[in-house]
Amino acid sequence: MTRPSAIVTGASRGIGRATALELAARGLDLGLLGRRTPALDETAELVRERGARAEIARCDVADASALEGAVVALLARLGTPSVVVNNAGTIDRGPKVHETALESWDYVLAVNLRAPFVLTRALLPAMLAAGRGRFIHVASVSSTIASPEAASYAASKWGLLGFSKSLAEELRGTGLLSIAVLPGSVDTDMLKQSSFAPAMTPTEVASLIGYYALEAPPACNGAAVEMFG
């Protein structure tokens, strides 16, 4: 019998790695998307130690063509996923709006907002045909508040929340769900660039993602779940 599978972006570290391990422990095989780094291989080994299969697809999610190619490869290896976690994220912290380079703005939105759209669009035909599956989008409390000197990050996360809710309405009656998780300050490398103290761990966020990915009732479609620690 084929085991259910999940695809997780940004799986090399932080919330992405913790989520991959959470889902592996819950009996899912993993498709791990991330840059070509030793950390991604380490995540794969940790997944395998939990008795799950781990397939790696290396790409920069900001490269739409590379991301689409990674989807084709993972579908061939693992079949149609039951869970998709749009987790990969980046931030340019510090510049005010008038100091933000266009290239920086575009890259942050490419990773945080366009990549979830590209990945979701590429997977939807197979998942709609299967009549099942859940998209979990890792947004941020910055999806709902101001983030001065990180406007590109806030814009991308507000956009991701809007994307998740709009997708949820399109998915009504299909057996598929779209849910956003909005963590606050998580103890990750990204937070170390800021003045914020960590209020939660990646494992705690992954536990919530695991619940909404596998256990939450279908009525949670379109939910935006905040975590403040």
Side-chain angles (χ1 to χ4, degrees), residues 1-11 15-16 19-20 22-24 26-33 52-53 55 57 59 61 64-65 67-89 111-140 143-144 156-183 205-227:
M1 181 176 179
T2 303
R3 285 163 52 100
S5 65
I7 292 176
V8 179
T9 67
I15 295 172
T19 298
E22 173 77 13
L23 296 177
R26 288 171 173 257
L28 276 70
D29 290 332
L30 270 297
L32 306 174
L33 267 162
R53 181 178 172 188
E55 293 287 346
C59 72
V61 297
S65 296
L67 182 54
E68 289 170 341
V71 168
V72 172
L74 289 178
L75 285 173
R77 296 177 203 163
L78 291 173
T80 303
S82 300
V83 176
V84 179
V85 182
N86 279 308
N87 164 74
V111 172
N112 295 356
L113 181 55
R114 190 180 67 186
F117 158 70
V118 171
L119 183 66
T120 301
R121 184 182 64 171
L123 288 167
L124 269 172
M127 294 176 71
L128 286 169
R132 56 167 175 73
R134 298 188 176 195
F135 293 92
I136 310 297
H137 312 280
V138 181
S140 166
S143 302
T144 61
S156 67
K157 294 300 186 178
W158 279 73
L160 184 58
L161 182 56
F163 173 70
S164 178
K165 286 183 172 292
S166 298
L167 177 64
E169 291 303 314
E170 293 186 9
L171 295 179
R172 288 192 183 278
T174 66
L176 280 68
L177 279 67
S178 174
I179 296 168
V181 173
L182 285 61
V205 179
S207 178
L208 187 70
I209 291 172
Y211 170 74
Y212 280 97
L214 298 172
E215 298 171 7
C220 290
N221 185 39
V225 187
E226 298 179 335
M227 298 182 72

Indicate the atoms forming the closest heavy-atom contact of A88 with T9, along with that distance. N-OG1, 2.9 Å
Salt bridge check: are E22 and R26 linked by an N-O gap of less than 4.0 Å? yes
Would you compute the distance between atom CZ of R121 and atom CD of E68 and round it to the nearest 0.5 angstrom? 5.5 Å
Residues L32 and A20: closest non-hydrogen pair is CD2-CB, 3.8 Å
Tell me whether N87 contacts the main-chain N or O of V138 through its side chain, where contact means a donor paired with an acceptor under 3.5 Å. no
Polar contact flag, side-chain donor to acceptor under 3.5 angstrom, N112-S156: yes
Is there side-chain contact between P81 and L123, with at least one heavy-atom pair below 4.5 Å? yes
V71 and I7: CA distance, side-chain angles, deciding distance, side chain to side chain contact (heavy atoms under 4.5 Å, CB included) verdict: CA-CA 9 Å; V71 168; I7 292 176; 5.8 Å; no
If every non-hydrogen atom of L176 is compared with every non-hydrogen atom of G131, which pair is closest and at what distance? CD1-C, 3.9 Å
Keeping the roles fixed (side chain from S164, backbone from L161), state whether a donor-acceptor pair exists under 3.5 Å. no
If you measure only the distance, is there a donor-acceptor pair under 3.5 Å linking the side chains of R132 and S82? yes
Atom CG of L28 and atom OG1 of T19: how far apart are they, to the nearest 0.5 Å? 12.0 Å
What distance do S178 atom OG and K165 atom NZ have between them, rounded to the nearest 0.5 Å? 9.0 Å
Keeping D29 on the side-chain end and A52 on the backbone end, is there a donor-acceptor pair under 3.5 Å? no
Is L78 close to R53 at the side-chain level, that is, under 4.5 Å between some pair of heavy atoms? yes
Measuring from N221:CG to E169:CD, what's the distance to the nearest 0.5 Å? 7.0 Å
Knowing that exactly one of L177, V83, L119, L124 qualifies, which makes a side chain to side chain contact (heavy atoms under 4.5 Å, CB included) with F135? L124
Partner of H137 under side chain to side chain contact (heavy atoms under 4.5 Å, CB included), picked from L167, I209, L113, is L167
How close do P217 and Y211 get, counting heavy atoms only, and between which atoms? CD-OH, 3.8 Å
Determine the minimum heavy-atom distance between A126 and L75, stating which atoms define it. CB-CD2, 4.5 Å
Quick one, L23 with L214, criterion side chain to side chain contact (heavy atoms under 4.5 Å, CB included). Give me CA distance, side-chain angles, the key distance, then yes/no. CA-CA 9 Å; L23 296 177; L214 298 172; 4.1 Å; yes
Set out, in order, the CA-CA distance, both residues' side-chain angles and the distance that settles side chain to side chain contact (heavy atoms under 4.5 Å, CB included) for T120 and V84, then state yes or no. CA-CA 8 Å; T120 301; V84 179; 5.5 Å; no
Can R172 and E170 be counted as an ion pair, charged N to O under 4.0 angstrom? no
Student check: side-chain heavy atoms of E226 and T144 closer than 4.5 Å: yes
Could you check whether any side-chain N or O of K157 sits under 3.5 Å from a backbone N or O of S140, counting only pairs where one atom can act as donor and the other as acceptor? no
Please check this pair: side chain of R114 against backbone of V61, looking for a donor-acceptor N/O pair closer than 3.5 Å. no
Within-4.5 Å side-chain heavy-atom neighbours: L182 and V225: no
Give a yes or no on whether the backbone of A139 and the side-chain of S143 come within a donor-acceptor separation of less than 3.5 Å. no
For I179 against Y212, the heavy-atom pair lying closest together: CD1-CD2, 3.9 Å
